[in-house]
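Indexing begins at 1, ligand by ligand and atom by atom, following the structure's order. Position 1 is the first residue of the sequence; numbering continues from there.
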Amino acid sequence: MHQHARKLLVQKAKHGKSVLQQASTKKLSTASVTSTPMQEFTNDDIKSHEELYRLSLEKPDYFWGKLARSRLQWMRDFGLVKDCNMQTGHIRWFLDGKINAAVNCVDRHAAKDPNRLALIWEKDEPGTQEYVTYRELQIMVCKMANVLTNHGVKRGDRVAIYLPKTPTAVVAMLACARIGAIHSVVFAGFSSEALAGRIIDAQAETVITADEGVRGGKKIPLKKMVDSAVKMCDSVKRVFVYQRTGGDVPMSSIDIPLEKELAAASDTHHPMAFDSEDVLFMLYTSGSTGKPKGVVHTQGGYLLYANVTMKQVFDYREGELFGCVADIGWITGHSYVVYGPLSNGATTLLFESTPTYPNPGRYWEMVERLKLNHIYLAPTALRTLLKNGDSWVTKYDRSSLRKLGCVGEPLNHEAWEWYYHVVGEGKSDIVDTWWQTETGGIAISPRPSAPGAEIRPAMPMRPFFGIDPVLIDPVTREEFTTGEARGALCIRRPWPGMARTIYGDHQRFYDTYFKDYPGLYFSGDGAHRTEEGYYQITGRMDDVVNVSGHRLGTAEIEDVIDDHADTAESAVVGFPHEIKGEGIYAFVVLKDNVTKDEAELASDLRLMCKAKVSSFAQPDVIIFTPSLPKTRSGKIMRRILRKIAANKPDELGDVSTLLDPSIVDILVQKHELLM
Ligand code: PRX
């Protein structure tokens with residue numbers, strides 16, 4: 001047996017309880033370690049990374065067609081590789097192909113190597129991890145698929161999943177995939193109102209939740225949140241309740257105890273074949289206007305892109321343990337906790353805790369205990385940890401780590417250096433990956449590239465195979481074709497993992513991503529390209545803030561603030577924040593004759609943001625002002641507010657076009673008083 005697998009077996013015997021007890025006596029195995037960089041193209045006379053990248057752009061049908069056939073198991077082969085129109089936002093891949101994502105993620109590995117570890121559930125309390133093999137996962141997914149079907153959930157139905165990061169959450173997602181139901185995972189840190197908004201938009205009849213979540217030693221009343229959400233939603237017919245803590249929660253007539261159902265369900269399930277373009281899942285994310293939108297991903301293209309990026313970007317080798325610590329409520333959790341790793345037959349980590357629980361050594365103690373080979377995390381966590389000092393890292397053995405990934409926001413130089421030198425001791429590649437909910441998987445990242453090729457600090461650098469980045473001058477709308485440039489980051493050619501639509505609103509999909517720069521996908525981000533052609537992300541160009549890697553529309557927060565009985569209007573902008581990357585700065589105009597104390601009002605507003613969206617949506621700074629800087633046509637000049645919030649009053653530029661330029665001085669003074 002592989003040495004690593006033996007260690008895990010010992011760990012399992014010592015601490016770990018198997019999630020399905022019946023398999024606990026079996027031998028665990030991980031596959032042998034091999035490195036096969038794009039073996040699919042070894043006969044194509046490809047000598048370098050550049051040649052392979054060029055092939056992916058010049059012959060995309062050949063490139064992706066070959067990968068789709070070798071990496072995924074199809075129930076019926078596809079015909080046309082793609083039918084895409086970047087003018088209209090009409091995207092289709094692997095036409096006429098039939099596939100089942102759950103079979104690709106579970107059954108084919110369970111058939112080949114049933115005792116291979118699929119999941120390591122790193123529970124909130126260190127040292128209490130549990131293990132799930134591929135065979136165990138298959139049983140759990142089949143049972144869950146049967147439970148859903150028995151209760152009338154069908155292909156195309158939307159299922160809202162509001163669960164902590166547990167095997168049950170992964171099983172719920174895969175069971176939906178298996179029966180063709182569309183999962184909509186809602187991060188279990190969102191408030192009941194945010195959950196309700198997502199349930200209503202999707203018209204979900206089914207919710208899967210837990211009695212309570214556990215994070216950082218604290219219990220989170222998930223069922224209670226669902227109860228309040230369900231009161232706002234007419235569509236919900238059933239709520240499955242999984243017991244994470246065994247907490248005493250009231251059950252109503254629509255609530256169904258999940259464990260009881262699972263125990264009674266058959267552990268075999270015949271998977272259906274779905275069209276490559278059937279919806280696999282939707283996931284809500286924030287935009288610059290309106291309510292969060294349900295970004296839709298489909299079966300074949302998404303799964304292939306998650307599979308290939310996971311394998312190539314991290315150079316994943318069979319038998320390794322892959323540790324992406326993101327929550328399953330985000331796209332990172334979908335692509336690099338669930339679909340990417342499991343479709344590769346990898347062992348994937350389910351990290352239920354926080355980076356600082358019980359202390360800032362948690363990640364590294366976990367790396368030593370589980371012998372993780374890859375860790376994939378958020379820059380905000382790194383910035384918090386580096387402030388706590390190196391000893392929390394150095395006292396643990398991190399020699400198992402091969403690749404150090406990060407995602408979600410720019411990785412600043414200080415955090416990059418710390419990650420590379422202190423965590424990785426200068427031995428592991430840092431892969432700063434840029435991508436989005438809409439791209440489905442990693443789109444720009446230093447790897448893959450020729451082994452040993454240069455990696456520059458603090459930039460994602462190189463486009464992934466098939467990704468053709470374009471920088472556009474937002475004023476002239478012209479492309480910067482060569483050399484160093486700064487502009488709007490667009491992508492010219494379609495790739496299999498790209499989103500297909502916004503649930504129920506294809507027009508919004510077109511307007512958001514294809515209208516501004518015809519023929520191109522517009523990411524909403526700005527980027528800088530170096531002379532050598534390496535990309536660095538400069539931040540959002542729209543009214544979206546990125547707080548600790550959580551994407552929030554400023555309009556969403558303004559909506560909540562404006563709901564307060566004493567608010568006349570408000571404007572919210574982001575500002576640079578040492579730990580969170582960006583913080584939230586709110587300028588609030590009160591109605592006439594409001595006498596309430598400002599501190600009390602500010603506290604009201606923060607509580608409302610927490611209750612209606614999430615705790616990370618609470619403004620860091622709130623300033624009350626008699627008015628907002630507006631143009632004569634009534635448009636708020638956010639550029640000015642951003643400069644004030646960023647503490648750059650010298651860079652305000654021309655304010656003469658404002659209706660009332662004197663308001664700027666008032667705002668600057670109020671801001672300075674706070675500093
Ligand atoms: O602004 C970019 C930032 O996160 C946005 C996407 O957010 P979301 O859809 O929630 O997905 C996050 C995880 C994939 C992007 O538009 N972003 C993501 N990765 C990076 C980044 N900004 C800079 N560097 C990155 N590596």
Taking only heavy atoms of [X], which atoms of ligand 1 are found under 4.0 Å from at least one of them?
X: Asp432; value: 25 (C), 26 (N)
X: Pro410; value: 22 (N), 23 (C), 24 (N)
X: Trp435; value: 6 (C), 14 (C), 15 (C), 18 (C), 19 (N)
X: Thr433; value: 19 (N), 20 (C), 25 (C), 26 (N)
X: Asn546; value: 3 (C), 4 (O)

Next on the checklist: I need the contact type for Thr437 against ligand 1. Using non-hydrogen atoms and a strict under-4.0 Å cut-off, is it side chain, backbone, both or neither?
Outcome noted: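 The part of Thr437 near ligand 1 is both the backbone and the side chain.
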Checklist entry - Between His550 and ligand 1, which residue portion shows a heavy-atom distance shorter than 4.0 Å: side chain, backbone, both, or neither? => result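 Within the 4.0 Å criterion, His550 makes no contact with ligand 1.
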Among side-chain atoms of [X] and [Y], is any donor-acceptor pair under 3.5 angstrom?
X: Tyr503; Y: Arg158; answer: yes
X: His49; Y: Ser449; answer: no
X: Thr298; Y: Glu277; answer: yes

Item to check | Whether Glu320 side chain and Ala346 backbone form a donor-acceptor pair below 3.5 Å | outcome: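 Answer holds: no.
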[X] ring center near [Y] ring center (under 6.0 Å):
X: Trp435; Y: Tyr336; answer: yes
X: Tyr284; Y: Phe190; answer: no
X: Trp495; Y: Tyr521; answer: yes

Checklist entry - What protein heavy atom sits nearest atom 25 (C) of ligand 1, and how far away is it? => result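 Nearest protein contact, heavy atoms only, for atom 25 (C) of ligand 1 is Glu409 O, 3.5 Å.
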Checklist entry - Of the protein's non-hydrogen atoms, which lies at the shortest distance from atom 7 (O) of ligand 1, and what is that distance? => result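 Ranking protein heavy atoms by distance from atom 7 (O) of ligand 1, first comes Arg551 CD, 3.4 Å.
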Next on the checklist: Below the 3.5 angstrom mark, is there an N/O of Thr332, backbone or side chain, next to an N/O of ligand 1?
Outcome noted: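 The answer is no, given that Thr332 and ligand 1 share no N or O pair closer than 3.5 Å.
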Checklist entry - Would you say ligand 1 has an N or O under 3.5 Å from any N or O of Asp525? => result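 Yes; the residue has a nitrogen or oxygen that sits under 3.5 Å from a nitrogen or oxygen of the ligand.
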Checklist entry - Looking at Arg540 and Glu582, does any basic side-chain N land under 4.0 Å from a carboxylate oxygen? => result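 Between Glu582 and Arg540 there is no salt bridge, as every charged N stays at least 4.0 Å from the carboxylate O atoms.
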Checklist entry - atom 17 (N) of ligand 1: which of Gly581, Gly408, Gly539, Gly549 has the nearest heavy atom? => result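 When every heavy atom of Gly581, Gly408, Gly539, Gly549 is considered, Gly408 comes closest to atom 17 (N) of ligand 1.
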